[in-house]
J.: 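For reference, the structure I am asking about is given below.
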Amino acid sequence: MSECLPCSTDNWPDLERGYRAMLPREILAFIDAHRHQERSESMLIATLHQVQAHFGHLGPGHLEAVAQLMQIPLAKVTGVATFYHYFRLQPRGRYLINVCLGTACYVKGAEKVAQKLQDELGIRFGETSKDGIFSLESTRCVGTCGLAPVVMIGDEVHGPLTPSLVPGLLESYLARAAEDLVAEPSR
Amino acid sequence: MPLPVSDFYRSLADRAVRTLADRDLENQILIQVGSATCEHAAGSQAVAEEFVRHIRASGRKDIVIHRTGCTGRCSREPILGVRLPGQLPVKYERVNRDLVHRIFTEHIQGGVPVMKHVLDHDGEALPEREFLFCEGDRCQKGGVDLRARFLELLAERGVEPHRVGVATTSCFGACGLAGGAAATYLLVRPEKILYRVASEADLLDILQEHVLQGQVVARLRVQEEPIALEFLERYGDVAFFNRQSRIALRNAGVVDPESLDEYLGFDGFKALATALERREPDWVISELTKARLRGRGGGGFLTATKWTLARQQADTTRFIICNGDEGDPGAFMDRSMLESDPFNIVEGMIIGGFAIGAQKGFFYIRAEYPLAIKRIEQAIDACRAHGLLGRDIMGSGFDFDLEIRLGAGAFVCGEETALIRSIEGERGQPKVRPPYPTDRGLWGHPTVINNVETFANVSAILRYGGEWYSRIGTPKSGGTKVFALAGKVRHTGLVEVPLGTTLSRVVNDIGGGVSGGKQLKAIQTGGPAGGFIPAAMQGMEVDFEPLQKAGSIMGSGGMIVLSEDDCMVDIAKFYMAFSQEESCGKCTPCREGTTRILEILERITLGKGELADLDKLERLSRLCQRTSLCGLGRAAPNPVLSSLKHFHDEFLAHIQDKHCPAKKCVALIRYEINPEKCIGCTICARNCPVECISGARKEAHGIDQAACIKCGNCFDVCKFAAIDRV
């Protein structure tokens, strides 16, 4: 049986080197580990998850690198990345605030909390604050309905919230961001 | 020489028992801390750290912190259990750092529980021993209320109530174990002894020997253990818990979700060992047939039938998938099970794989559930390391492995064909069925997809028998269902009850009724694909068919309680906005239909609706139902249709009177200041974001209606109830 030839372009080694330079080592290892396995294209979503976890979003360059290194058409990679809500194509702030607008939170007043967050941060859903610290998004149910209404900041769930608790909550994250800056000024 | 399966299992279980015995938890002071997403959010980790600090400072070596999953009593988290050797465990609610200090000094060191913070308990002291009477339907056949009689006997003998507590629980499920039904069962805590009593003479013996002398009455003792024994031992005194029948959740909140040994200690993997030992996939399927287990993801398809369909295929490359893409807003039972008892789900998957002859299984879990993913990863790794996954499982020659695939925030991926596409790495858009996945599923091979809760029941069915399982539940559907109770209810959380239990029992008896003393308006079941059950129908039995007849569905088990303060048009709009946003866009009826339905609903809530809109809504909804490609589109109009059916008046009020009866729709309400009640404190004016409230200090204020944006801030901040919402 003849080997398949994924690298049919003359300049593939150069291109590959360039794309490999765009992704961190652990993601390259992940792609390489599955590359020659059966149905390796099914690992696309898992790969995109890793890229987003590393960079915070999926930029055009990231998508192209993934497409080339996994040998999946860029059109399909883009199609998948845009289909799923979890993938973000724009950079986001240091802390992603996800306001749960699931039913339980909705009937318990999530809209007021959402409004307060928008007022306090001066941004709307889908935007990032000027200092680059907060991005605001909404989500449908994080599955902690017993604590409704909840807001997820990063990986942490906060609830039950009221509009009056919002400023203090944001303060605590600002303080954390300031501490981090002191600890690692280069960031 | 390879070991036979039973030897393999025994050596594994024995090792676990030895490890557990070395820990000697029975003779230690046990501090039980919940560790699932809700508990973490409520601060359980800080509480655990505080205890570690206290233990270290005290220098004591006999105190152990035991990590467990979630009990499902969300509104009182973090819940903490303290058990002193030989005593009944005490549960505390809403524990924080300050309370940790009190619990440590007063209870753990001083031996006196901090009564004021005990979960759901008003009394002054806790009993030393508790007798739990089964109140299952099959138990009370004798006609004598043995529990009432026992209470009388206790009083006659002058046993003080603080020494012996008496409570009722829902069915232990023991009737199937010991045979014969003309008796009732009672469980004694903390000794974990189960008695079968049929007469007053039996009660007298228990009173004489067990209560007064502390001797076990061997004659009446039943050797078998009820399925949720450990759970009842820990939580049996709390009404919220002892009125449930825990099968799928039997280990949740009891077992350490990260310990294979503990799971083995609760008879974990015994069902798998039995199935592999018998080498008969047909036996597994026949037990499931007897159990009448129906898919818990919402469809209610008989699990045994689905497995048989896949098993009969000529293609021998087969897959099994666990659908953990719990996207319904308001549902969190799958997350809780994955986080609290992951080995049980893994065991159910392996048994399923064995039954249909699959080589590989996939967990499809939402990326929004990081802890669930972590726990399942750990469980899979532990199983691989101990010969429970991979090649030649338990020495039986059966090869099977599991892999996790993450969702990425697309609700439609809960639909089985879309889920398959997503695992394949594609956009999660559904396909036309047939062919069904059992014919041609993942990569074109026969595939079984079941919900997390379905798998959670499998090991229990094999362990206790299909007949036992079918006896719990209704003639059409065996077993229990877990509901995620949320919304305007006092006790939010996870509730597992036999199918056929009334809605009222779930919401009022277990959930404690509507919060804030408000009137119940409706119960929403089934999430965005479900509908509303009006308060007048709360006596209805919860099962697949009755719910469907009432215009709702069982769905995955979300149950949202709505009160008089909720506007049905608004909630219908909420669900339609959800479905519209989550529509994948592949087929026109769903993509366009949901958009137009939403537009009409928006118009109505803005007070711009016309009577003809109601007719349009109905026709459009039916069209969307009939012609959409997948379940999402077909079910999306359900909330609209069921609210139109049961709450037609509210729609009319919005359209004809331009009035929102629940005073929820912003465009239809107005805020007014009652000059008689207003004392002129100015707090409303100071909190008004558009400065439309004016008035001098100590004089009645007024609202400029033209400028008011109806945010309701003034209404919320007024301390004198001087602002009316009309």
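Note that these values count all heavy atoms, side chains included, but never hydrogens, waters or copies made by symmetry. Naming: A, B, ... by sequence-line order, numbering from 1 per chain.
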J.: Please rank A:His158, A:Lys112, A:Gln115, A:Glu156 by heavy-atom pairs under 4.5 Å with chain B and give me the top one.
T.: A:Lys112

J.: Let me know if B:Ser422 has heavy atoms under 4.5 Å from chain A in its side chain, its backbone, both or neither.
T.: both

J.: Which bit of B:Arg366 comes within less than 4.5 Å of chain A, counting heavy atoms only: side chain, backbone, both or neither?
T.: side chain

J.: Looking only at heavy atoms and a cut-off of under 4.5 Å, which of B:Lys664, B:Glu582, B:Gln524 has the most pairs with chain A?
T.: B:Glu582

J.: Can you confirm whether the side chains of A:Tyr106 and B:Asp566 place a donor and an acceptor under 3.5 Å from each other?
T.: no

J.: Out of curiosity, A:Lys116 NZ to B:Cys711 SG, how far, rounded to the nearest 0.5 Å?
T.: 10.5 Å

J.: Can you tell me which of B:Ser515, B:Gly428, B:Ser336 forms the most heavy-atom pairs within a distance under 4.5 Å of chain A?
T.: B:Gly428

J.: Taking atom types as modelled, is there a side-chain donor on B:Glu581 or A:His85 under 3.5 Å from an acceptor on the other?
T.: no

J.: Let me confirm one number: the CZ-SG distance from B:Phe332 to A:Cys141, rounded to the nearest 0.5 Å.
T.: 8.0 Å

J.: First locate atom SG of B:Cys584, then atom CZ of A:Phe83, and finally report the distance between them rounded to the nearest 0.5 Å.
T.: 5.0 Å

J.: Under a 4.5 Å cut-off applied to non-hydrogen side-chain atoms, are A:Asn98 and B:Glu368 in contact?
T.: no

J.: Need one label for B:Glu403: side chain, backbone, both or neither, based on atoms under 4.5 Å from any heavy atom in chain A.
T.: side chain

J.: Are the side chains of A:Cys145 and B:Thr492 in contact, using a 4.5 Å heavy-atom criterion?
T.: no

J.: Using a 6.0 Å cut-off, check whether atom CD of A:Gln90 has over 12 heavy atoms from anything other than its own residue.
T.: no

J.: What is the distance from atom CG of A:Asp155 to atom NE2 of B:His40, rounded to the nearest 0.5 Å?
T.: 12.0 Å

J.: Find the distance between CZ (A:Arg140) and CZ (B:Phe411) and round it off to the nearest 0.5 Å.
T.: 10.5 Å

J.: What pair of heavy atoms forms the shortest contact from B:Ala41 to A:Leu147, and how long is it?
T.: CB-CD1, 3.7 Å

J.: So what's closer than 4.5 Å to chain A heavy atoms on B:Ile571: side chain, backbone, both or neither?
T.: side chain

J.: Would you say the side-chain atoms of A:Lys108 pair up with the backbone N or O of B:Gly487, donor to acceptor, closer than 3.5 Å?
T.: yes

J.: For a quick test of reading the model, state the closest non-hydrogen atom pair linking B:Tyr575 to A:Thr103 and the distance between them.
T.: OH-CG2, 2.9 Å

J.: Check each atom of B:Leu562 against the heavy atoms of chain A and say whether the ones under 4.5 Å are side chain, backbone, both or neither.
T.: side chain

J.: Kindly say whether A:Gly79 contributes a backbone atom to a donor-acceptor pair with the side chain of B:Arg427 at under 3.5 angstrom?
T.: yes

J.: Below 4.5 Å from any heavy atom of chain A, which atoms of B:Arg73 appear? Answer side chain, backbone, both or neither.
T.: neither

J.: Could you give the distance from CG (B:Leu406) to CG (A:Leu48), rounded to the nearest 0.5 Å?
T.: 11.5 Å

J.: By a 4.5 Å heavy-atom criterion (distance strictly below it), what part of B:Asn713 contacts chain A: side chain, backbone, both, or neither?
T.: neither

J.: Select one option (side chain, backbone, both, neither) describing which atoms of A:Val142 are under 4.5 Å from chain B's heavy atoms.
T.: backbone

J.: Looking at A:Lys76, A:Glu111, A:Gln52, A:Met152, which has the largest count of heavy-atom pairs under 4.5 Å with chain B?
T.: A:Lys76

J.: Is it the side chain or the backbone of B:Glu426 that comes within 4.5 Å of chain A heavy atoms, both, or neither?
T.: both

J.: Under a 4.5 Å heavy-atom cutoff, which of B:Gly43, B:Pro528, B:Gly330 has the most pairs with chain A?
T.: B:Gly330

J.: A cation-pi test, strictly: NZ or CZ of A:Arg39 under 6.0 Å from the centre of the six-membered ring of B:Phe319 and no more than 45 degrees from its axis. Yes or no?
T.: no

J.: Give a yes-or-no answer on whether the side chains of B:Arg335 and A:Thr144 include a donor-acceptor pair shorter than 3.5 Å.
T.: no

J.: Between chain A and each of B:Cys70, B:Ala367, B:Cys74, count heavy-atom pairs under 4.5 Å; write down the option with the most.
T.: B:Ala367

J.: Might you point out which heavy atoms bring B:Arg405 and A:Ser42 nearest each other, and give the distance in Å?
T.: NH1-OG, 3.0 Å

